[in-house]
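Some notes on the structure that comes next.
Positions are given from 1, in the same order as the sequence printed here. Just so you know, ligand 1 is whichever comes first in the structure, and atom 1 is the first atom listed for that ligand.
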Amino acid sequence: MNDTTTKPILILGGTGKTGRRVAERLTAHGLPVRIGSRSGTPRFDWEVPATWGPALQGISAVYISYYPDLAVPGAAEAVGAFARLAVENGVTRLVLLSGRGEAEAQRAEEMLKASGADWTILRCAWFSQNFSEGFLVESLAEGEVALPVGNVGEPFVDADDIADAAFAVLTEQGHIGQLYELTGPRLLSFADAVAEIGKAAGRDIRFVRISHDEFTAAVAAHELPSEFAWLLNELFTEVLDGRNESLTNGVQRVLGRQPRDFSAYATATAATGIWSN
Ligand SMILES: NC(=O)c1ccc[n+]([C@@H]2O[C@H](COP(=O)([O-])OP(=O)(O)OC[C@H]3O[C@@H](n4cnc5c(N)ncnc54)[C@H](OP(=O)(O)O)[C@@H]3O)[C@@H](O)[C@H]2O)c1
């Protein structure tokens, strides 16, 4: 019997887009899980390092999903400090959820590697679920998505594929020291993705390209925090400039199957009614 069957796996962001799915898979297989978030017990807060040690007690491995985003300044240092603390506490098996083509995310990966952990990195494309469990869901329901992004192809990856990959690397041998770049099977522009969602939902949903200044003003008008506008502008400028316009075989390498296509995601998600007005 190995450690992960007796001691819980700590899932940071365990109620979020990927963490929730990872926890569901582990629990379904009878493996113990501890949710690491502000609503977990004990509470885990990235902003309060004093909460990190208690959350690590009695744990066999950690799935690290940083919040809000690895692109935020200081994220790499926080991930590095957390990884070092985990290793000091004897928790060496660490799996990091990372992002493609983001300088700060790649710095976080280096900090993880330098911590002495038995690491695995899941370096992911944009999640399809940003359209249904993230900031885009309201605009889609309202029938218009306005973003500062042009005709750049992104290989949106399904959070269920990420969770399947995380489950595999946490429960199987042979993934230590591996970096898996996870993408979906197809490049879509944001306009393409919105069109697919409109088709699946049976609605006319418009995509409009706006400037960064217009986007910042729209975020302010919705009374969202300015850091949110900064982060999204950063992602749209830095990451969606064509650098990630390529497909990888990461899902195939970990799971031995093709990734789920965006249209399958759109069809299944439309059926929940989340994009209906
Ligand atoms: N979204 C993408 O397309 C994408 C692509 C590649 C990589 N990533 C990376 O994936 C990570 C997660 O992004 P996401 O968009 O999927 O977010 P998410 O996991 O859906 O975020 C929500 C989760 O974070 C927790 N949380 C919120 N504030 C927290 C805090 N201060 N301390 C601890 N936990 C906190 C929430 O639980 P509580 O409310 O209970 O605290 C919840 O479990 C980021 O590091 C990002 O860089 C995202």
With a cutoff of 4.0 Å, is [X] in contact with ligand 1, counting heavy atoms of the residue only?
X	result
Pro68	yes
Gly19	no
Asp45	yes
Ala71	no
Ser98	yes

- Message: Take a 6.0 Å sphere around NE2 of His222 and say whether it holds more than 12 heavy atoms from other residues, nucleotides or ligands.
- Response: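 No - once you tally the heavy atoms of other residues, nucleotides and ligands closer than 6.0 Å, there are 12 at most.
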- So does Glu138 have more than 12 non-hydrogen atoms from other groups sitting under 6.0 Å from CD?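 Not buried by this count: 12 neighbours or fewer within 6.0 Å.
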Less than 3.5 Å between some nitrogen or oxygen of [X] and one of ligand 1, yes or no?
X	result
Glu102	no
Gly99	no
Tyr67	no
Glu47	no
Thr15	yes

Quick check on the 6.0 Å ring-centre criterion: do [X] and [Y] meet it?
X	Y	result
Trp275	Phe131	no
Phe44	Tyr67	no
Trp230	Phe215	no

- Minimum heavy-atom distance between Gly14 and Ala23, given as atom pair plus value: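 So the minimum-distance heavy-atom pair works out to O-CB, 4.4 Å.
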- Report the C-alpha separation of Tyr265 and Phe127 in whole Å, then their side-chain angles, then the decisive distance to 0.1 Å, and conclude whether the ring pair (Phe, Tyr, Trp, His ring centres under 6.0 Å) test is met. CA-CA 11 Å; Tyr265 155 78; Phe127 306 162; over 10 Å; no
Could you tell me whether [X] and [Y] have a side-chain N and a carboxylate O separated by less than 4.0 Å?
X	Y	answer
Arg257	Asp164	yes
Glu104	Arg107	yes
Arg186	Glu196	yes

Quick one: which ligand 1 atoms are inside 4.0 Å of a heavy atom on [X]?
X	result
Ala125	5 (C), 6 (C)
Cys124	6 (C)
Trp126	3 (O)
Gly14	43 (O)
Phe44	32 (N), 33 (C)
Leu97	10 (O), 11 (C)

Which residue and non-hydrogen atom of the protein lie closest to [atom], and at what distance in Å?
atom	answer
atom 32 (N) of ligand 1	Trp46 N, 3.0 Å
atom 11 (C) of ligand 1	Tyr66 O, 3.2 Å
atom 46 (C) of ligand 1	Asp69 OD2, 3.6 Å
atom 8 (N) of ligand 1	Phe127 CZ, 3.7 Å
atom 17 (O) of ligand 1	Lys17 NZ, 3.6 Å
atom 29 (C) of ligand 1	Arg38 NE, 3.5 Å

- Query: Between Trp119 and Glu109, is there a donor-acceptor pair closer than 3.5 Å when you use the side chain of the first and the backbone of the second?
  - Reply: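 Absent.
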- Please answer whether the main-chain N or O of His175 pairs with a side-chain N or O of Thr120 as donor and acceptor at a distance below 3.5 Å.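 Judged by distance alone, yes, a pair lies under 3.5 Å.
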- So do the side chains of Ile11 and Leu26 get within less than 4.5 Å of each other, counting heavy atoms only?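 Yes; the side chains approach each other to less than 4.5 Å.
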- Message: If we set the cut-off at 4.0 Å for heavy atoms, which region of Leu70 has an atom near ligand 1: side chain, backbone, both, or neither?
- Response: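 Looking at Leu70 and ligand 1, atoms from backbone and side chain both fall under 4.0 Å.
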- Query: At a non-hydrogen distance cut-off of under 4.0 Å, which region of Ser39 contacts ligand 1 (side chain, backbone, both, or neither)?
  - Reply: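 The part of Ser39 near ligand 1 is both the backbone and the side chain.
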